[in-house]
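Whatever order the structure lists them in is the order used to number ligands and atoms, beginning at 1.
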Amino acid sequence: QWGYGKDDGPSAWNTNYPVADGDRQSPIDILPHQARHDPNLGPIVLNYDRCTSINIANNGHSVVVEFEDSDDRSVIQGGPLDNPYRLKQFHFHWGGKGCHGSEHTVEGNSYASELHLVHWNAVKFKTFGEAASTSDGLAVLGIFLETGDEHRWLHMITDALYTVKFKGSVTDFKGFNPKCLLPSSLHYWTYLGSLTTPPLHESVIWIVVKEPMIVSEKQLGKFRTLVFTGEEEDERTRMENNFRPPQLLKGRTVRSSN
Ligand SMILES: COc1cc(C[n+]2ccc3cc(OS(N)(=O)=O)ccc3c2)cc(OC)c1OC
Ligand SMILES: [Zn+2]
């Protein structure tokens, strides 16, 4: 019942989700010079080598790749995290043709798109849902996408998008390791925030990587062939501009790894 349109978009979400006006909402505009460099912030460590992707789906808001998360086969740890967090899914946010579509911005500048790798603290919680509704139950790794040369591995995602054009479509998507999408440096900013879509739970430790991944305009354009609507609906609404704009910092500190 929520979306990214004029009537159901981010400015209307606080009607059904009052936490939208909360004190630790995401995304935010990141000001690098005001971020506190914290020498105690170690590197982010990704152990995705035994990760098991299951499927790729169009949930009516984005395209999502889900992972098997019944054990610690794919986890993120280190950095601001005091436990390993299990990879649950990743998805993207993007703009319209020529417009930008990232959620976090840097000094007011947005990128073409943003990848979110969603992890949950399976040490402290039994289910993703429980973690998703408890402070710091989730850790989301945000990667900016910038247009330039073609990304050598992104085609594995974009070649599958035609199979999930419509809301509610799901197809098998096995053997994909998202580590191949990451930029070379994992230097990051980190702050306490929320899910950027309803239910907007304030349960996320955000880790936003400074270096963007480079993808071609053509690859990005394939995301815009998806539609928000189901196959049975008569109108086809192109899936684009599925991003929430930056929210108030409300006194939060953003820390920077080296
Ligand atoms: C699998 O169970 C759930 C799935 C989901 C699906 N879900 C919904 C919204 C999400 C928003 C997200 O926000 S983002 N964009 O900041 O990464 C991330 C993962 C999400 C995952 C939500 C749940 O409770 C909040 C769930 O527990 C009941
Ligand atoms: Zn997201």
Side-chain angles (χ1 to χ4, degrees), residues 1-4 8-10 13 16-20 22 24-30 53-70 74 76 81 85-95 100-105 110-122 124-145 157 164 167-168 170 178 181-182 188-209 212-213 220 223 226 228 239-247 252:
Q1 72 283 16
W2 61 271
Y4 292 96
D8 63 0
W13 290 351
N16 294 329
Y17 303 93
V19 73
R24 56 174 279 187
Q25 288 290 295
S26 293
I28 58 168
D29 180 42
I30 296 169
S53 60
I54 302 169
N55 60 37
I56 188 167
N58 176 335
N59 64 9
H61 310 298
S62 180
V63 56
V64 188
V65 173
E66 293 272 352
F67 286 79
E68 170 57 50
D69 64 344
S70 57
S74 38
I76 185 175
L81 307 175
Y85 282 63
R86 261 183 216 169
L87 177 63
K88 166 87 180 148
Q89 53 109 307
F90 70 78
H91 62 272
F92 297 82
H93 302 264
W94 60 90
H100 284 168
S102 68
E103 299 211 297
H104 290 90
T105 56
S110 57
Y111 285 86
S113 170
E114 189 169 330
L115 161 62
H116 288 158
L117 294 135
V118 182
H119 309 76
W120 61 285
N121 185 333
K124 280 176 67 178
F125 304 100
K126 281 196 298 294
T127 64
F128 172 83
E130 202 190 322
S133 39
T134 311
S135 178
D136 306 342
L138 301 184
V140 182
L141 189 63
I143 315 284
F144 293 120
L145 278 70
I157 304 274
V164 286
K167 175 180 177 181
V170 190
L181 298 178
L182 304 183
Y188 59 90
W189 295 290
T190 183
Y191 75 97
L192 300 181
S194 73
L195 300 179
T196 66
T197 72
L200 299 168
H201 291 322
E202 297 188 326
S203 58
V204 182
I205 297 172
W206 274 97
I207 301 168
V208 180
V209 172
M213 57 188 273
L220 209 52
F223 285 87
L226 302 174
F228 284 118
M239 188 178 275
E240 58 187 20
N241 297 309
N242 56 348
F243 63 91
R244 189 190 193 189
Q247 304 301 304
R252 285 173 285 177

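In this structure, of Asn59, Thr197, Asp69, the residue bringing a heavy atom nearest to atom 11 (C) of ligand 1 is Thr197. Which of Leu117, Leu138, Leu195 comes nearest to atom 13 (O) of ligand 1 through a heavy atom is settled by distance: it is Leu195.
Of the possible donor and acceptor atoms, none in the side chain of Ser102 sits under 3.5 Å from a partner among the backbone N and O of Glu114. The closest donor-acceptor contact from the side chain of Trp94 to the backbone of Leu115 lies at 3.5 Å or more, if one exists at all. Here the side chain of His93 pairs a donor or acceptor atom with the backbone of Asn242 at under 3.5 angstrom. Counting only distance, with no hydrogens or angles, the side chain of Glu66 and the backbone of Val64 share no donor-acceptor pair below 3.5 Å. For Asp29 (side chain) and Pro246 (main-chain N/O), no donor-acceptor pair under 3.5 Å exists by modelled atom type. Looking at Ser194, its side chain never comes within 3.5 Å of a backbone N or O of Gln25 through a donor-acceptor pair. His91 places no side-chain N or O within 3.5 Å of a backbone atom of Gln89 that could act as its donor or acceptor partner. Looking only at distances, no side-chain donor or acceptor of Arg244 sits under 3.5 Å from a matching main-chain atom of Glu103.
Here is the list of ligand 1 atoms found below 4.0 Å of a heavy atom in His93: 15 (N). Atoms of ligand 1 found under 4.0 Å from any heavy atom of Trp206 (numbered from 1 in listed order, with element): 16 (O). Atom numbering of ligand 1 starts at 1 in the shown order; those under 4.0 Å from a heavy atom of Pro199 are 25 (C). Counting atoms of ligand 1 from 1 in the listed order, those under 4.0 Å from a heavy atom of Val118 are 17 (O), 18 (C). In summary, the atoms of ligand 1 found under 4.0 Å from a heavy atom of His201, numbered by their order in the structure, are 25 (C).
Separation of the Trp13 and Tyr4 ring centroids falls under the 6.0 Å cut-off.
Among protein heavy atoms, the minimum distance from atom 6 (C) of ligand 1 is reached at Phe128 CE2, 4.6 Å. Among protein heavy atoms, atom 27 (O) of ligand 1 sits closest to Gly129 CA, 3.0 Å. For atom 16 (O) of ligand 1, the closest heavy atom belonging to the protein is Thr196 N, 3.0 Å.
Put simply, atom 3 (C) of ligand 1 has protein non-hydrogen atoms near it, under 4.0 Å away. Within a 4.0 Å radius of atom 8 (C) of ligand 1, the protein contributes no heavy atom.
No heavy atom of His61 sits closer than 4.0 Å to any atom of ligand 1. At least one heavy atom of His91 sits under 4.0 Å from some atom of ligand 1. At least one heavy atom of Gln89 sits under 4.0 Å from some atom of ligand 1.
Looking only at N/O/S atoms, His116 comes nearest to the Zn ion (ligand 2) through ND1.
Contacts of Ser133 with ligand 1, taken as heavy-atom pairs under 4.0 Å, are absent altogether.
Under the ring pair (Phe, Tyr, Trp, His ring centres under 6.0 Å) rule, His104 has a single partner from Phe243, Trp189, Tyr191, Tyr111, which is Tyr191.
Here the shortest heavy-atom pairing between Asn121 and Ala131 reads N-CB, 4.4 Å.
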